[in-house]
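Heavy atoms only: backbone and side chains are in, while hydrogens, waters and symmetry mates are out.
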Amino acid sequence: MGILQDDVVIIREPEKEHESTIITVNCPDKTGLGSDLCRIILFFHLTILRGDVSTDGKWCYIVFWVVGKEKTRWSLLKKRLIAACPTCSSASGISYYCSDLQPPKPHDVFLLKFCCNDRKGLLHDVTEVLCELELTIKKVKVSTTPDGKVLDLFFITDTRELLHTQKRRDDTIDKLTAVLEDIFTTIDIELVGSETTVFSQASSSLPNAIKDVFDLQNGTSTSDSVSVVMDNTLSPAHTLVQIMCQDHKGLLFDIMRTLKDFNIQISYGRFSKKSRGKCEIDLFIMQVDGKKIVDPSKKESLSSRLKTELLRPLKVAVVSRGPDTELLVANPVELAGKGRPLVFHDITLALKMLGLCIFSAEVGRHVIGDRECEVYRVLLDEGEGLSLPRNKIEKGVWKMLMGWE
């Protein structure tokens with residue numbers, strides 16, 4: 001019993017200008033599938049307007065109403081969504097989908113190095129090219145020399161798994177050379193190992209001064225704008241979770257990845273946007289053992305995490321480092337080892353729009369409290385004097401990350 005491969009994901013583009021695109025996913029179920037699909041949709045810069053999820057624990061049917069952009073590559077999106085579904089097997093010469101719980105193979109990690117003359121917006125332009133090429137940034141080290149040169153080191157993985165070929169490397173170098181617009185540019189790409197070996201070291205702790213900044217934000221992350229209500233009386237088999245909150249970019253992904261971390265299964269769910277940017281989400285959920293969530297401590301833990309993710313899915317701060325100004329962004333990593341996509345892209349875009357230059361940047365994984373986070377540390381170039389107040393920089397970056405820009 002199965003479904004033809006072409007029917008696993010169906011994308012119906014709008015017939016009229018102001019209508020939304022409808023994405024239908026029909027495949028075997030697995031824990032965390034909703035999170036994986038929402039991550040891909042977020043990576044393609046799509047906005048989810050509505051969502052319906054229905055599953056019996058073995059087979060699921062998911063519908064997303066989304067808004068894309070002129071440059072949205074729908075065929076590539078379909079390919080990536082299909083790849084996220086349980087894998088394909090063959091029967092009688094026809095491709096069918098069946099459940100496969102084998103962990104994915106670790107990607108090869110490549111080191112991208114380039115040196116060129118610095119300019120405003122350079123780092124964002126490079127990041128945008130890497131995103132378009134489906135090269136995922138895992139770690140970054142950016143520095144500026146006294147003579148105005150930049151030396152950038154990107155540890156990247158290739159979604160297409162082709163960067164080991166000369167053609168893929170040449171194509172990547174050509175596109176980067178075009179955007180850098182510098183005849184003195186030097187670019188090199190080399191294999192450094194697999195994800196398991198390159199990033200095998202445990203995450204280190206941050207300096208206390210930086211942890212204190214994020215701890216202070218944790219203590220102030222309370223708001224009446226988020227409501228999470230859990231009810232066990234309305235369904236004989238499920239716990240109903242009702243959420244009301246302000247919309248932001250990646251909202252559904254933040255909810256789904258939280259449920260994935262708690263090993264929670266969704267039997268039925270509905271997501272919709274209301275007026276004034278408000279969202280309503282109803283989820284009928286159960287634990288992996290098929291039972292309701294009746295333990296008060298488990299209910300409180302899940303409710304608290306959902307509120308945190310909906311209020312501050314990312315943490316942003318602008319602080320003084322002696323005479324310098326540093327931008328700090330913390331991106332929590334889910335238990336599967338992935339953080340929210342496109343964070344570095346959005347940070348560099350926000351700084352470019354604010355007209356600010358980057359003197360140095362570093363991305364690494366660190367432990368903050370009881371969670372592992374991708375921490376972005378960006379030292380701003382104050383060579384010509386920082387013309388913007390720090391609170392305006394923080395607000396500008398936050399609005400970009402939340403999709404409110």
Side-chain angles (χ1 to χ4, degrees), residues 25 27-42 51-62 81 83-87 97-106 195-196 202-203 226 228-232 234-243 245 250-271 281-311 313 331-341 365 367-374:
V25 180
C27 70
D29 196 12
K30 69 173 183 179
T31 302
L33 177 60
S35 172
D36 297 341
L37 298 176
C38 288
R39 160 183 283 280
I40 294 169
I41 290 172
L42 178 58
D52 280 338
V53 179
S54 180
T55 178
D56 61 1
K58 296 181 179 180
W59 202 270
C60 69
Y61 185 74
I62 305 173
L81 291 172
C85 296
T87 55
Y97 268 72
C98 62
S99 180
D100 182 4
L101 300 179
Q102 294 297 320
K105 177 185 175 183
E195 285 183 288
T196 52
S203 298
V226 174
V228 178
V229 178
M230 303 179 70
D231 193 319
N232 280 319
L234 297 177
S235 170
H238 300 89
T239 296
L240 171 62
V241 180
Q242 294 178 299
I243 300 172
C245 62
L251 170 65
L252 199 53
F253 167 70
D254 291 328
I255 295 172
M256 292 295 186
R257 71 170 177 171
T258 301
L259 297 177
K260 180 180 179 180
D261 277 354
F262 277 76
N263 211 15
I264 297 295
Q265 297 178 346
I266 302 174
S267 295
Y268 176 77
R270 174 164 290 179
F271 164 85
I281 303 99
D282 294 326
L283 302 170
F284 287 86
I285 64 173
M286 63 173 65
Q287 299 179 101
V288 71
D289 59 4
K291 297 179 180 179
K292 294 182 179 182
I293 306 175
V294 294
D295 186 333
S297 63
K298 289 184 179 179
K299 289 172 65 176
E300 174 58 30
S301 179
L302 177 57
S303 177
S304 176
R305 175 64 67 84
L306 284 169
K307 288 179 181 177
T308 298
E309 294 297 327
L310 297 176
L311 281 169
N331 177 21
V333 175
E334 60 189 73
L335 294 180
K338 297 179 180 178
R340 170 190 285 254
R365 294 202 170 187
V367 176
I368 300 178
D370 60 349
R371 300 188 69 181
E372 184 182 39
C373 294
E374 289 178 347

**Q** Using side-chain contact (heavy atoms from CB on, under 4.5 Å), reason through Gln287 and Ile293 one step at a time and then give a plain yes or no.
**A** CA-CA 7 Å; Gln287 299 179 101; Ile293 306 175; 3.7 Å; yes

**Q** So Val288 and Gln265, do their side chains get closer than 4.5 Å, heavy atoms only?
**A**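 Contact flag for Gln265/Val288 side chains = yes.
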
**Q** Can you say whether the rings of Phe284 and Tyr268 are parallel (under 30°), tilted (30 to 60°) or perpendicular (over 60°)?
**A**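 Correct class here is tilted.
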
**Q** Shortest non-hydrogen contact from Asp295 to Ser297?
**A**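 Closest approach of Asp295 to Ser297: OD1-OG, 2.7 Å.
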
**Q** Quick one: closest heavy-atom pair of Cys85 and Cys27, and the distance?
**A**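 Distance-wise, the nearest heavy atoms are SG-SG, 3.6 Å.
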
**Q** Any side-chain heavy-atom pair from Leu302 and Ile285 closer than 4.5 angstrom?
**A**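 Yes - at least one pair of side-chain heavy atoms lies under 4.5 Å apart.
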
**Q** Mind listing the closest non-hydrogen atom pair of Leu33 and Cys60 along with its distance?
**A** CD2-SG, 3.4 Å

**Q** For Lys307 and Val228, which heavy atoms make the closest approach, and how far apart are they?
**A** CG-CG2, 3.7 Å

**Q** List the steps and the verdict of side-chain contact (heavy atoms from CB on, under 4.5 Å) for Met230 and Leu306.
**A** CA-CA 11 Å; Met230 303 179 70; Leu306 284 169; 5.9 Å; no

**Q** Rounded to the nearest 0.5 Å, what's the gap from CG on Asp261 to CZ on Arg371? Could you check?
**A** 6.5 Å

**Q** At what distance, to the nearest 0.5 angstrom, does OG of Ser235 lie from CE of Met286?
**A**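 Between atom OG of Ser235 and atom CE of Met286 there are 8.0 Å.
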
**Q** Please lay out, stage by stage, how Met256 and Arg39 fare under the test side-chain contact (heavy atoms from CB on, under 4.5 Å).
**A** CA-CA 9 Å; Met256 292 295 186; Arg39 160 183 283 280; over 6 Å; no

**Q** Can Arg270 and Asp52 be counted as an ion pair, charged N to O under 4.0 angstrom?
**A**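 Between Asp52 and Arg270 there is a salt bridge, with a charged N closer than 4.0 Å to a carboxylate O.
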
**Q** Between Asn232 and Lys292, which heavy-atom pair has the shortest distance, and what is it?
**A**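 The answer is O-NZ, 2.6 Å.
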
**Q** What are the two closest non-hydrogen atoms of Pro313 and Asp254, and how far apart are they?
**A**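 Result for this residue pair: CB-OD2, 3.4 Å.
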
**Q** Less than 4.5 Å apart, side chain to side chain, heavy atoms only: is that true for Phe271 and Ile255?
**A**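 No - every pair of side-chain heavy atoms lies 4.5 Å or more apart.
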
**Q** Working to the nearest 0.5 angstrom, can you tell me the gap between Ile266 CD1 and Ser54 OG?
**A** 11.5 Å

**Q** For the residue pair Trp59 and Asp29, establish whether any side-chain heavy-atom pair is separated by less than 4.5 Å.
**A** no

**Q** Would you indicate whether the side-chain heavy atoms of Leu240 and Val229 approach each other to under 4.5 Å?
**A**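 No. Closest side-chain heavy atoms not under 4.5 Å.
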
**Q** Using only atom types and a distance under 3.5 Å, with no angle test, would you say the side chain of Asn331 pairs donor to acceptor with the backbone of Arg340?
**A** yes

**Q** Kindly indicate, with the supporting measurements, whether the criterion side-chain contact (heavy atoms from CB on, under 4.5 Å) is fulfilled by Cys38 and Leu252.
**A** CA-CA 7 Å; Cys38 288; Leu252 199 53; 3.9 Å; yes

**Q** Under the salt bridge (Lys or Arg N to Asp or Glu O under 4.0 Å) test against Glu334, which residue among Arg257, Arg305, Lys260 passes?
**A**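 For Glu334, the salt bridge (Lys or Arg N to Asp or Glu O under 4.0 Å) test succeeds with only one of Arg257, Arg305, Lys260, which is Lys260.
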
**Q** Quick one, Val241 and Leu259 - any side-chain contact, counting heavy atoms below 4.5 Å?
**A** no

